[in-house]
Amino acid sequence: MRSQTDSAGGLRHLITLDGLTREALTAILDRAETYRRFPGQPAYEGRELVGVTLANLFFEPSTRTRASFDLASRRLGAHVLNLDLHSSSRAKGETMLDTIYTLESMNTDIFVIRDSEAGMPEFLMDHVAPHVSVISAGEAHLSHPTQGLLDALTIRTHQRRFAGLKVAIVGDILHSRVARSTTRALQTLGAGELRLVAPQALLPSENEFRGALRFTRIEDGIAGADVVMMLRIQKERVAEAAALDEAAYFRDFGLDARRLKLASPNVLVMHPGPMNRGVEISSEVADGPRSVIREQVNNGVAVRMAVLASIAATLTRHRRPL
Ligand code: CP
């Protein structure tokens with residue numbers, strides 16, 4: 001894969017967290033903390049993206065990622081274009097690359113892309129002009145880098161360290177890009193123990209998630225955990241999911257208050273959303289005192305601001321002179 005950084009080490013694209021160093025991830029998290037404002041506080045307003053045009057191209061549904069890229073880029077002064085599948089010419093058979101070239105001709109500088117096709121962000125990164133950047137907002141089951149970063153920021157805020165942490169990810173790991181990117185972030189940042197908890201059919205092969213422990217009983221997987229991250233069943237990627245017995249799944253793998261007592265008393269309960277209440281998590285836990293699910297959403301805006309500001313700073317070095 002072509003490098004995501006330029007020769008000076010500046011972030012040019014963000015397709016995957018693979019290959020990014022601990023220092024690079026830490027710098028993004030540190031920058032995100034300076035942008036973070038809590039609900040009720042005035043949002044950060046800056047000029048880091050003045051003169052930059054950003055296109056949000058979401059060809060899969062999204063609430064959190066799309067809204068936060070939109071808010072993050074506007075709060076830093078960018079022009080923002082939101083295009084979706086139903087209103088774009090891709091629905092008439094135009095290739096993704098032609099859509100990108102069309103918008104490039106309108107001086108778009110940054111493309112934020114969510115797509116179900118594996119390899120699409122990297123393909124586009126290889127074809128855009130030198131002054132243009134591509135950010136993945138979710139690639140098939142493979143990668144969701146800004147989600148991995150916002151999860152890491154949420155954990156760092158509460159636990160203050162990664163070393164020695166026991167992190168359990170529970171649910172449909174096999175089809176989850178969040179599990180892949182969050183695991184990558186936490187491993188790079190030095191998390192102590194990563195546990196994957198799922199029915200056997202939803203655990204990934206041993207070739208992936210190297211170094212992680214695997215469990216097929218939730219009680220074993222969350223025992224003593226400092227972080228429990230629940231995932232939904234990715235129905236859009238699992239043909240058999242239509243026949244899922246949701247009550248049976250909740251009985252065997254759902255996180256309720258009784259099971260949560262097995263984890264550390266200071267456990268953080270996380271979920272990337274969208275949640276299916278009563279399927280993978282009870283409302284009592286999702287809305288309970290150990291839940292940081294809404295903080296994850298808040299951190300999502302700050303992390304996307306940090307990524308966009310880093311990329312915009314690099315782009316200025318690659319722009320054509322007037
Ligand atoms: N976590 C996440 O990617 O949520 P959305 O699908 O709503 O963007």
Side-chain angles (χ1 to χ4, degrees), residues 14-17 28-29 32 36 39 54-75 80-86 110-118 120-121 134-155 157 167 169-186 202 227-238 241 255 268-277 279-281 285-287 291-308:
L14 186 60
I15 303 298
T16 173
L17 298 180
I28 294 172
L29 302 190
R36 185 168 54 191
L54 176 144
N56 269 324
L57 309 183
F58 279 69
F59 298 108
E60 273 194 342
S62 169
T63 298
R64 280 145 287 268
T65 314
R66 180 174 170 155
S68 57
F69 266 114
D70 190 336
L71 288 170
S73 44
R74 288 181 203 278
R75 286 175 184 168
V80 183
L81 174 69
N82 282 297
L83 210 67
D84 63 39
L85 177 65
H86 304 294
I110 301 176
F111 291 95
V112 177
I113 292 161
R114 172 172 288 192
D115 198 77
S116 60
E117 193 177 328
M120 181 60 84
V134 177
I135 301 174
S136 170
E139 174 191 359
H141 63 288
L142 291 175
S143 181
H144 194 349
T146 53
Q147 180 72 43
L149 290 166
L150 77 87
D151 289 340
L153 179 60
T154 306
I155 293 171
T157 301
V167 180
I169 305 180
V170 184
D172 182 4
I173 316 274
L174 181 65
H175 302 100
S176 173
R177 55 193 174 210
V178 174
R180 285 174 176 79
S181 287
T182 299
T183 299
R184 171 55 59 215
L186 296 179
L202 296 177
V227 176
V228 176
M229 179 180 294
M230 302 305 295
L231 302 175
R232 72 185 174 93
I233 303 284
Q234 303 269 308
K235 289 185 178 171
E236 65 277 31
R237 299 184 218 288
V238 195
L255 187 63
L268 302 180
V269 173
M270 301 177 69
H271 194 308
M275 276 189 286
N276 291 138
R277 292 170 183 259
V279 180
E280 70 270 8
I281 191 167
V285 171
D287 302 326
S291 172
V292 292
I293 294 169
R294 290 185 206 166
E295 285 181 45
Q296 288 174 267
V297 177
N298 180 260
N299 284 330
V301 179
V303 155
R304 287 163 184 135
M305 288 169 110
V307 167
L308 290 168

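Remember, it's 1-based here, ligands and their atoms both numbered in the order they're listed.
Taking E60 as the reference, R177, R237 meet the salt bridge (charged side-chain N to carboxylate O under 4.0 Å, His left out) condition, with sequence neighbours excluded. With sequence neighbours excluded, the residues that form a salt bridge (charged side-chain N to carboxylate O under 4.0 Å, His left out) with R184 are D18. Every residue two or more places apart in sequence or in another chain was checked for a salt bridge (charged side-chain N to carboxylate O under 4.0 Å, His left out) with R75, and none qualifies.
Under 3.5 Å, the side chains of N299 and R36 contain a donor-acceptor pair of N or O atoms.
Listed by chain and residue number, the protein contacts of ligand 1 are S62, T63, R64, T65, R114, H144, Q147, P272, G273 (heavy atom within 4.0 angstrom).
A salt bridge links R74 with D70: the closest approach of a Lys/Arg side-chain nitrogen to an acidic carboxylate oxygen falls below 4.0 angstrom.
Both the sub-6.0 Å distance and the 45° axial angle are not jointly satisfied by R114 relative to the ring of F58.
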